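Worth saying up front: this structure is predicted, and the values here are computed from it rather than measured.
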Protein chains: 2
Amino acid sequence: MIIRIDLESDTPIYNQLTNQIMEGIATGELKPGQALPSVRALASDLGINLHTVNKAYSILKDSGFVQIHRQKGAVVQAGGMPPADLAFEERLERELRPMAAEAVGRGMTEERWLALCRQAFEQLHARREGGTI
Amino acid sequence: MIIRIDLESDTPIYNQLTNQIMEGIATGELKPGQALPSVRALASDLGINLHTVNKAYSILKDSGFVQIHRQKGAVVQAGGMPPADLAFEERLERELRPMAAEAVGRGMTEERWLALCRQAFEQLHARREGGTI
DNA sequence: TTTCTGTTATACTCGTAATATAACAGAGTT
DNA sequence: AACTCTGTTATATTACGAGTATAACAGAAA
């Protein structure tokens, strides 16, 4: 799996990392049980600091997307992804609201809005079967 | 229009402000041509600093949602909301992707995902006709 | 013992958020 | 002309988070 870090972006590096790894899990590029690179390896590979990678891994661990085996490293949660519970739906709702507001303000039609939402969802299902991390 | 600032939130105050004003415009609570409170008045009303409000207004101005009349204050853009152009759709897409990824990762169905997206959009249309700011 | 793993601690730089004053320029009112 | 409102600009300060840099620790495997 190819990970790209944009140092010019205003979204923090550790967020870019967690997002891309979550995407990898969602698309199936990262299989359950698969081991992620060690914090030191990935950090030196991306040219960033060990702690930045560690922060991303910790978030993924707290979110239930990976398990941490002390010496085997971080592995993708095998069997039992964290469910989309009420708390998650509420967070989703809270994040969607301002986006929808701006879309309405700009006169976007509901059809177009839903088309973009559907596209974002289906693109993850689409690109199944990938390479190695 | 009632504006609520959460000082505990991790989203900056000026972002909370711009979001809520955009929502007000989207719902129609804030009518085109309507004047917003002066930066000083709103700041003292919310118990925050003048510059924080000013930053929010500047973002709204740069986004094309309000016009600034030097002494009349900031007024909601009358006639000609900024269109949902390609740049906006790309930004929307970029923001939707990580949210969709987490939803897929958590096993949310596409139906549920779209239902939440539709709900976020329609809630803005729903609460039309409001009070004064 | 050596080497890998995550983990923890400390310290530093840098940029942004937020605040606090202060002053300026333009337009309206008195 | 004086006053008062508006946004705007400038400067300084505090606080916090992001990111980096070292260093060290504990457990497991070779």
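Neither OP1 nor OP2 of C:dA18 sits under 4.0 Å from any side-chain N or O of B:K55. Look at A:T52 and you'll find a side-chain N or O under 4.0 angstrom from OP1 or OP2 of D:dT20. Contact check, B:Y14 against C:dA18: no side-chain N or O comes under 4.0 Å of OP1 or OP2.
Straight-line distance from the CG atom of A:N54 to the C1' atom of D:dA21: 15 Å, rounded to whole Å. Atom pair B:Q67:CD and D:dG7:P shows a separation of 14 Å (rounding to whole Å applied). Between A:N49 atom CG and C:dT10 atom C1' there is a gap of 13 Å when expressed in whole angstrom units. Atom CD1 in B:I48 sits about 19 Å away from atom P in D:dA15, given to the nearest Å. Distance, A:L36 CG to C:dT5 P: 13 Å, rounded to whole Å. Separating the CG atom of B:L42 from the C1' atom of D:dG7 is a distance of 14 Å, rounded to the nearest angstrom.
Residues A:G47 and B:A41 both approach DNA chain D. Their nearest nucleotides, taken by heavy-atom distance, put B:A41 toward the 5′ side.
Remark: of the listed residues B:M108, B:R112, B:E102, B:M108 is the sole one forming a side chain to side chain contact (heavy atoms under 4.5 Å, CB included) with A:L92.
Between the CZ atom in B:R106 and the CZ atom in A:F65 there is a gap of 4.5 Å [rounded to 0.5 Å].
Under the 4.5 Å side-chain criterion, counting only non-hydrogen atoms from C-beta, A:L17 is in contact with A:I48.
Closest non-hydrogen pair, B:L96 versus A:A120, comes out as CB-CB, 4.0 Å.
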